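Note that the structure is predicted; figures quoted are calculated from it, not measured.
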Amino acid sequence: MGSLIMGGGKALEMLEVGPCKDGYQMGFLIGRRFADQIRSRLGSDLILQNQLRPFAQSPQSQPLLQALSSNNQKRFPRYWDELVGMAEGSGVAALDIILINFRKEILPFLPKTGLCSSPTPTVDDTSEDDCSDVLVVSDSMAIAAHNEDANVALVGHTYLIKGALSNGLSFIAYTYAGELPSCAFGVNSHGLAFTLNSVPPSEKEIVAGGIGRNFISRDILEATSIDNALSKIRSSEVSVGHSYNLIETRTRRIVNVETASRNRISVYEVGETPYFRANMYLHLQVPQVQDENSISRQRKAAVLPKSTREDFLAVLGDSEDPKYPIYMTGPTLYTLCTAVIDIDQQTLSIIQGNPQNGEVSHVFDMSSKDFKLL
């Protein structure tokens with residue numbers, strides 16, 4: 001069963017799927033339903049075509065790809081089966097699905113020469129996805145507002161998965177075509193929600209063949225609480241770092257979690273001082289790539305008012321900086337949508353277009369088991 005809801009001039013489609021007999025069936029149904037978007041995404045993804053595929057054909061890629069595949073399949077067999085099912089349901093090569101799901105774990109290990117021989121300029125991966133969040137838990141409001149920013153090639157290549165599992169859990173996940181739900185944001189029927197921000201540890205901090213971030217975030221979709229999500233994050237031997245904003249409705253808590261390889265983790269409890277974050281480590285001490293885009297967004301957000309929900313949306317909609325705006329409209333990076341998770345209202349709102357204009361395409365009731373649309 002699917003539904004189509006218009007907003008911001010683009011339709012964001014939603015598939016309701018499950019309960020399924022296994023992960024393969026769930027992946028297969030998602031792949032079959034969104035085969036066009038998945039094929040289109042693979043056809044327009046320059047990083048896949050110019051970097052990942054050529055590397056995967058080279059002999060030196062084999063130990064890395066085998067380690068990633070076997071370690072993640074062993075750790076998360078059901079999610080691995082979802083990937084395989086998605087490839088078969090959409091009729092695309094399983095290798096392509098594996099490459100886009102592990103792009104963050106593969107790109108740092110590409111040889112530094114010979115990648116730009118193609119006539120089409122490649123996009124530097126540091127600019128492939130950026131996100132901005134404003135978080136607060138005060139007496140008057142408890143909100144996580146999140147811009148989902150990605151490479152412009154992903155415009156039109158996202159959808160919502162409303163999944164139901166045989167154990168009674170259900171979730172909604174904003175999903176990139178061909179990837180596990182969700183490397184962006186999601187909510188589940190335990191009252192746990194999350195938004196994600198990539199962070200750029202320096203190259204020597206990245207461990208080859210570890211657990212992929214897409215698998216960890218897929219696992220967090222099934223977490224029962226913040227503590228359970230933290231134990232899922234802590235127990236995974238990650239390859240690359242990540243930042244997780246974990247939101248729990250029943251305890252009215254938001255925590256930011258920064259991770260790096262070798263089991264490094266730092267947890268920051270969000271309080272009444274609004275907490276803005278872009279794509280850099282703020283509290284875990286890890287050598288990181290200096291990202292001018294993030295530094296600029298942090299600096300700009302610091303001087304903008306942040307006392308009401310409208311202020312939060314104005315921060316995320318700010319496009320004053322000509323080079324590094326918070327709200328992005330190309331040519332390389334694009335804000336796909338804005339998610340607002342309101343703990344007190346128990347809603348997940350998705351806004352398409354500049355959040356200052358408030359074109360809400362979906363409002364889900366997080367207090368209802370089936371996330372009914374309001």
Side-chain angles (χ1 to χ4, degrees), residues 1-20 23 25-45 82-83 85-92 96-97 100-101 129 131 146-165 170-189 193-196 214 217-218 221 334-341 347-355 357-366 368-374:
M1 177 183 167
S3 60
L4 193 68
I5 296 164
M6 295 302 292
K10 272 195 185 303
L12 181 61
E13 296 177 62
M14 181 169 76
L15 173 68
E16 301 186 37
V17 62
C20 297
Q25 186 189 31
M26 180 173 266
F28 185 88
L29 292 171
I30 293 170
R32 187 175 68 185
R33 172 66 181 78
F34 292 113
D36 289 348
Q37 283 96 321
I38 292 170
R39 288 164 183 251
S40 171
R41 188 249 167 113
L42 297 178
S44 60
D45 190 327
E82 280 183 30
L83 278 193
M86 204 184 319
E88 298 198 3
S90 59
V92 304
D96 279 347
I97 294 292
I100 60 171
N101 276 275
D129 52 8
C131 296
H146 168 88
N147 275 1
E148 184 59 34
D149 307 321
N151 188 286
V152 72
L154 281 152
V155 173
H157 296 128
T158 61
Y159 40 79
L160 291 169
I161 299 297
K162 187 173 180 177
L165 303 184
S170 52
F171 62 76
I172 287 185
Y174 184 87
T175 305
Y176 287 15
E179 296 190 40
L180 289 171
S182 161
C183 64
F185 58 87
V187 300
N188 73 21
S189 53
F194 64 81
T195 68
L196 303 173
N214 278 16
S217 52
R218 173 67 187 83
L221 259 187
Y334 196 92
T335 300
L336 301 174
C337 69
T338 301
V340 181
I341 296 160
T347 53
L348 162 64
S349 305
I350 298 175
I351 301 169
Q352 301 192 260
N354 190 307
N357 305 333
E359 283 187 53
V360 179
S361 65
H362 304 65
V363 182
F364 294 102
D365 179 359
M366 289 170 58
S368 74
K369 181 92 173 108
D370 61 348
F371 300 108
K372 68 171 183 283
L373 280 160
L374 298 173

Chemist: Within the 4.5 Å heavy-atom criterion, are Phe194 and His146 side-chain neighbours or not?
Modeler: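 A side-chain contact under 4.5 Å is absent here.
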Chemist: For a side chain to side chain contact (heavy atoms under 4.5 Å, CB included) check, start with the C-alpha distance between Tyr174 and His362, then their side-chain angles and the critical distance, and finish with the verdict.
Modeler: CA-CA 12 Å; Tyr174 184 87; His362 304 65; over 6 Å; no
Chemist: Check for a donor-acceptor pair, side chain of Asn101 on one end and backbone N or O of Asn214 on the other, with a separation under 3.5 Å.
Modeler: no
Chemist: Can any side-chain N or O of Ser217 pair as donor or acceptor with the backbone N or O of Ser182 at less than 3.5 Å?
Modeler: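 Yes, Ser217 side chain to Ser182 backbone: donor-acceptor pair under 3.5 Å.
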Chemist: Looking at every non-hydrogen atom in both residues, tell me the closest pair between Ile341 and Ala193 and how far apart they are.
Modeler: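 Scanning both residues, the minimum pair turns out to be CD1-CB, 3.9 Å.
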Chemist: Quick check against the 3.5 Å criterion: does Ser368 have a side-chain atom that pairs as donor or acceptor with the backbone of Lys372?
Modeler: yes
Chemist: Before you tell me yes or no, could you show the steps for Ile350 and Leu160 under side chain to side chain contact (heavy atoms under 4.5 Å, CB included), namely the whole-Å CA-CA distance, both residues' side-chain angles and the distance that decides it to 0.1 Å?
Modeler: CA-CA 11 Å; Ile350 298 175; Leu160 291 169; 3.8 Å; yes
Chemist: Could you label the plane-to-plane angle of the Tyr159 and Phe34 rings as parallel, tilted or perpendicular, counting under 30° as parallel and over 60° as perpendicular?
Modeler: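 The rings of Tyr159 and Phe34 lie parallel, inter-plane angle below 30°.
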Chemist: Got a donor-acceptor contact below 3.5 angstrom from the Asn357 side chain to the Glu359 backbone?
Modeler: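 Checking the backbone N and O of Glu359 against the side chain of Asn357, no donor-acceptor pair under 3.5 Å is found.
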Chemist: Test side chain to side chain contact (heavy atoms under 4.5 Å, CB included) on Leu12 and Cys337; report intermediate values, then the result.
Modeler: CA-CA 10 Å; Leu12 181 61; Cys337 69; 5.8 Å; no
Chemist: Could you tell me whether the side chain of Phe371 reaches within less than 4.5 Å of the side chain of Leu348, counting heavy atoms only?
Modeler: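 Contact flag for Leu348/Phe371 side chains = no.
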Chemist: State, yes or no, whether a side-chain contact exists between Asn147 and Pro355 at a heavy-atom distance under 4.5 Å.
Modeler: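 They are in contact (side-chain heavy atoms under 4.5 Å apart), so the answer is yes.
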Chemist: Out of curiosity, Glu16 CD to Ile161 CD1, how far, rounded to the nearest 0.5 Å?
Modeler: 10.5 Å
Chemist: Which pair of non-hydrogen atoms, one from Ala173 and one from Leu221, has the smallest distance, and what is that distance?
Modeler: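 Minimum heavy-atom separation between Ala173 and Leu221: CB-CD1, 3.8 Å.
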Chemist: Side-chain contact test, heavy atoms from C-beta onward, threshold under 4.5 Å: evaluate it for Ile30 versus Thr175 and give yes or no.
Modeler: no
Chemist: Are any non-hydrogen side-chain atoms of Arg41 and Ile100 less than 4.5 angstrom apart?
Modeler: yes
Chemist: Distance-only, no hydrogens or angles: does the Thr347 side chain make a donor-acceptor pair with backbone N or O of Ser349 under 3.5 Å?
Modeler: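 Pair absent, no side-chain N/O of Thr347 close to backbone of Ser349.
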Chemist: So how far is it from Phe185 CZ to Leu196 CG, rounded to the nearest 0.5 Å?
Modeler: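 Output value for this atom pair is 10.0 Å.
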Chemist: If I compare all heavy atoms of Leu180 with all of Met86, which pair ends up nearest, and what's the gap?
Modeler: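 Minimum heavy-atom contact is N-CE, 4.3 Å.
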Chemist: Sub-3.5 Å donor-acceptor pair from the side chain of Lys162 to the main-chain atoms of Ser170, do we have one?
Modeler: no
Chemist: Is there side-chain contact between Glu82 and Met26, with at least one heavy-atom pair below 4.5 Å?
Modeler: yes
Chemist: So, do Thr195 and Cys131 sit near enough that their side-chain heavy atoms are less than 4.5 Å apart?
Modeler: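 In short, these two side chains do not touch, never coming nearer than 4.5 Å.
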Chemist: Let me confirm one number: the OH-CD1 distance from Tyr176 to Ile38, rounded to the nearest 0.5 Å.
Modeler: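 Between Tyr176 OH and Ile38 CD1, I get 15.0 Å after rounding to 0.5 Å.
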Chemist: Search all heavy atoms of Pro181 against all heavy atoms of Arg218 and return the closest pair with its distance.
Modeler: O-CD, 3.0 Å
Chemist: Can you tell me how far apart OG (Ser189) and CG (Asp370) are? Round to the nearest 0.5 Å.
Modeler: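 Reported value, rounded in 0.5 Å steps: 10.0 Å.
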Chemist: Do Arg39 and Leu42 have side chains that get closer than 4.5 Å, going by heavy atoms?
Modeler: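 No, every pair of side-chain atoms sits at 4.5 Å or beyond.
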Chemist: Locate the shortest heavy-atom distance separating Gln37 from His157; write the atom from each residue and the value.
Modeler: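 Between these two residues, the closest heavy atoms are O-CD2, 3.5 Å.
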Chemist: Are any side-chain N or O atoms of Ser40 and backbone N or O atoms of Asp36, one a donor and one an acceptor, separated by less than 3.5 Å?
Modeler: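 Flag not set: sc Ser40 to bb Asp36 has no pair under 3.5 Å.
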